[in-house]
Amino acid sequence: MKRINIGIIIALLVACAISLSSGIKVTKADEAGSVAPDDKDWKVYWSDEFDGDELDRKTWTPEIGTGWNGWGNGEVQSYTDRPKNLDVKDGKLVITALAESYGMSGYTSARIITRGKKSFKYGKIEAKIKVEGGNQKACWPAFWMMGDVPYQWPVCGELDIMEHANDRPYASGAVHWMALEDSMMWSGMFDGSVHHYKNNKTDGINGWHTYGIVWTKDNIQWYVDNKPYFNVPVRDSVAGTFREKFYLLLNLALSGKGTGYTGFTEPTKKFKKATMYVDYVRVYHNKKIDNKSKDRTDIITSSDIRIAGFQTKNNNLKIRCNIEPEINGKAISSWGILVGSNVNHKLSDNDIVLESGREDIRYIKSYNEDNMEDYLREDLSAKYYAYDMRLGKKQKKMTYCFRPYAIMTDGSYVYGTVRRVSFNDIKAAK
């Protein structure tokens with residue numbers, strides 16, 4: 001589900017034609033060398049089975065409106081949060097696209113995301129989906145992911161697990177990204193990246209299928225009904241994007257004359273509705289690949305990035321950090337603070353790193369002028385930034401671990417030392 005603006009359309013078309021000339025080569029699925037999607041050692045790590053009577057708002061957020069330029073794709077629908085477009089019933093998520101006048105649109109549908117609530121890195125990620133009426137012109141259902149990093153698309157990266165358009169007899173998968181140091185939009189698609197249905201009229205997008213990926217540090221492999229069909233090795237430095245956490249998206253779009261993926265089609269006058277059913281979304285882990293998916297064993301630290309101090313006021317804990325413009329002779333692309341609640345001292349220094357994957361560690365990004373303070377010193381242009389934590393009564397009694405980090409332009413990570421403090425300790429020291 002691409003999010004394209006006019007400034008990079010030409011670059012996208014060129015990138016698709018050259019098929020990853022930046023160093024990631026698309027290969028056949030049987031060359032992946034990763035654990036098979038039907039391996040018996042896959043264990044459910046997280047799932048939404050949609051067994052309740054309403055959407056879990058602690059996990060999913062509905063996106064509302066038409067977005068800019070039809071969410072960047074020229075889509076014609078307006079997304080809503082109404083039960084007629086977005087519902088959970090009979091153990092299924094139900095997204096319904098309708099032909100109806102709504103605001104400035106002639107069509108409505110729904111789109112939900114887990115951004116800021118759930119994000120994942122590596123594992124087997126799948127959903128069981130069918131789309132009744134999905135074979136009509138302009139129908140564009142998708143199950144996909146976006147990078148949970150402090151950059152806009154396409155730098156953040158996009159991972160399309162399942163897309164389908166019009167009456168095509170296949171579903172497709174793709175990756176898209178842009179390296180920070182590059183002006184080209186890169187894509188991995190259109191080269192063996194489709195799964196053809198055996199019978200598109202009775203068992204295509206309108207039939208139940210499981211669509212998923214097996215994602216490791218070095219490979220992303222796509223499958224339908226546990227049968228792999230496409231693989232992208234992630235080996236080049238520009239693909240560091242796919243070694244970060246990604247959040248989930250589900251939506252049923254309706255394309256327009258400006259939507260390239262669907263062939264610039266729009267709904268016909270006969271279109272009345274299409275309904276996307278999702279039985280579940282699941283994320284699995286497998287011990288066979290857990291060790292392979294660790295990004296690095298060494299932790300590079302530097303005194304050029306450090307906690308400068310703490311302050312308390314009312315129920316706020318302010319953490320002030322310092323970072324030099326270059327670390328170990330390398331330029332910085334982004335920086336922030338890792339925050340972990342050190343309950344019963346279960347977190348070690350080695351846990352407080354970007355690659356840990358622990359759910360009890362928060363990633364605070366300080367990457368623009370809105371949430372950092374810049375000061376110029378006479379001898380060195382250093383950056384100071386602060387982050388405020390508002391703490392409840394129980395939280396004030398906890399010990400917290402803070403570790404500043406920086407991501408360099410070459411994709412490497414550098415950390416400051418871990419500082420452990422509590423709100424009451426700082427308050428008592430004054």
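Side chains of Q77 and Y102: no donor on one and acceptor on the other come within 3.5 Å. Under the 3.5 Å distance criterion, with hydrogens and angles disregarded, a donor-acceptor pair is assigned to the side chains of T80 and N85. Between the side chains of Y223 and T210, not a single donor N or O lies within less than 3.5 Å of an accepting N or O. With 3.5 Å as the limit, one finds no donor-acceptor pair spanning the side chains of Q221 and Y229. For the residue pair N251/Y79, the side-chain donor-acceptor check at 3.5 Å is satisfied. Checked by atom type, the side-chain pair Y107/E75 shows no donor-acceptor distance below 3.5 Å. Side-chain contact of T96 with K84: a donor-acceptor pair under 3.5 Å is absent, judged by distance alone. Side-chain polar atoms of E158 and W153 form a donor-acceptor pair below 3.5 angstrom.
Checked against side-chain contact (heavy atoms from CB on, under 4.5 Å), V421 has the following partners two or more places apart in sequence or in another chain: F310, F402, I426. In this structure, the side-chain contact (heavy atoms from CB on, under 4.5 Å) partners of T114, at least two apart in sequence or on a different chain, are T59, W60, K118, Y247, L248. Listed by chain and number, the residues in a ring pair (Phe, Tyr, Trp, His ring centres under 6.0 Å) with Y197 are H195, H209 (sequence neighbours excluded). Every side-chain contact (heavy atoms from CB on, under 4.5 Å) that T265 has, sequence neighbours left out, goes to A138, N166, S255, T262. Taking V88 as the reference, F50, L55, L93 meet the side-chain contact (heavy atoms from CB on, under 4.5 Å) condition, with sequence neighbours excluded. Residues meeting the salt bridge (charged side-chain N to carboxylate O under 4.0 Å, His left out) test with E63, sequence neighbours left out: R111, R115. With sequence neighbours excluded, no residue forms a salt bridge (charged side-chain N to carboxylate O under 4.0 Å, His left out) with K137. With sequence neighbours left out, D349 forms a salt bridge (charged side-chain N to carboxylate O under 4.0 Å, His left out) with R420. Under the salt bridge (charged side-chain N to carboxylate O under 4.0 Å, His left out) criterion, R282 pairs with E49, sequence neighbours left out. Scanning for side-chain hydrogen bond (donor to acceptor under 3.5 Å, both in side chains) contacts around K130 gives E132, with sequence neighbours left out.
The shortest side-chain heavy-atom distance between D56 and D48 falls under the 4.5 Å cut-off. With contacts defined as side-chain heavy-atom distances shorter than 4.5 Å, the pair D87/E54 does not qualify. Counting heavy atoms from C-beta outward, I323 and D304 have side chains that stay 4.5 Å or more apart. Here the side chains of P62 and I64 are in contact, with some heavy-atom distance below 4.5 Å. Looking only at side-chain heavy atoms (C-beta outward), I299 and Y415 come within less than 4.5 Å of each other. Inter-residue side-chain proximity for K117 and T61 is flagged as met; some heavy-atom pair is nearer than 4.5 Å. You'll find the side chain of L98 stays beyond 4.5 Å of the side chain of S109, heavy atoms only. Annotation: side chain of F230 is not in contact with side chain of V194 (no heavy-atom distance under 4.5 Å).
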| request: Show your working on side chain to side chain contact (heavy atoms under 4.5 Å, CB included) between N328 and I300 and close with a plain yes or no. | output: CA-CA 10 Å; N328 297 336; I300 300 172; 3.9 Å; yes

| said: The test is side chain to side chain contact (heavy atoms under 4.5 Å, CB included); show your working for L159 and I213 and say whether it passes. | reply: CA-CA 10 Å; L159 208 171; I213 57 169; 3.7 Å; yes

| field | Trace of the side chain to side chain contact (heavy atoms under 4.5 Å, CB included) decision for M104 with T66 | value | CA-CA 9 Å; M104 300 294 290; T66 60; 5.7 Å; no

| said: Determine whether D279 and I129 satisfy the following criterion, side chain to side chain contact (heavy atoms under 4.5 Å, CB included), listing intermediate values before the conclusion. | reply: CA-CA 6 Å; D279 187 25; I129 299 171; over 6 Å; no

| message | Pair R82, E100 - check salt bridge (Lys or Arg N to Asp or Glu O under 4.0 Å), show working. | response | CA-CA 13 Å; R82 304 175 303 166; E100 60 172 333; 2.5 Å; yes

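Residue pairs meeting the salt bridge (charged side-chain N to carboxylate O under 4.0 Å, His left out) criterion with at least one member in residues 326-338, sequence neighbours excluded, are K330-D410. Counting only residues at least two apart or on different chains, the salt bridge (charged side-chain N to carboxylate O under 4.0 Å, His left out) pairs with a member in residues 35-47 are D39-K288, D41-K288.
Tested against V35 for a side-chain contact (heavy atoms from CB on, under 4.5 Å), the candidates T216, N219, N286 yield a single pass: N286. Under the side-chain contact (heavy atoms from CB on, under 4.5 Å) rule, H164 has a single partner from P169, S172, P141, which is P141.
Summarising the geometry, atom CG belonging to D148 is positioned 10.0 Å from atom CD1 belonging to I113; distances are rounded to the nearest 0.5 Å. Annotation: the span from C139 atom SG to L254 atom CG amounts to 5.5 Å, rounded to 0.5 Å. Here the OG atom belonging to S119 is positioned 13.5 Å from the CE atom belonging to M146, to the nearest 0.5 angstrom. In this structure, the separation between CG on N322 and OG on S303 is 9.5 Å, given to the nearest 0.5 Å. In this structure, L252 CG and F143 CZ are separated by 15.0 Å, a value rounded to the nearest 0.5 Å.
Closest approach of G207 and D203 over heavy atoms only: CA-OD1, 4.1 Å. When all heavy atoms are compared, the tightest approach of T417 to P404 is O-CD, 3.9 Å. The two residues H176 and F242 come nearest to each other via the heavy atoms O-CZ, 3.7 Å. Between N135 and D167 the shortest heavy-atom distance is O-CB, 3.3 Å. Across Y211 and A171, no two heavy atoms sit closer than the pair CE2-CB, 4.0 Å. Closest non-hydrogen pair, G256 versus V76, comes out as CA-CG1, 3.7 Å.
With hydrogens and angles disregarded, a donor-acceptor distance shorter than 3.5 Å links the side chain of Q136 to the backbone of G133. A side-chain donor-acceptor contact under 3.5 Å links W222 to the backbone of D160. Put simply, the side chain of W46 never gets that close to the backbone of Y284: no donor and acceptor are under 3.5 Å apart. Using modelled atom types, no side-chain atom of R403 and backbone atom of V339 make a donor-acceptor pair closer than 3.5 Å.
Looking at D225 and K128, no side-chain N of the basic residue comes within less than 4.0 Å of a carboxylate O on the acidic one, giving no salt bridge.
A cation-pi contact, defined as under 6.0 Å to the ring centre and within 45° of the axis, is absent between R306 and Y405.
Two rings, from W215 and F120, have their centers 6.0 Å or more apart.
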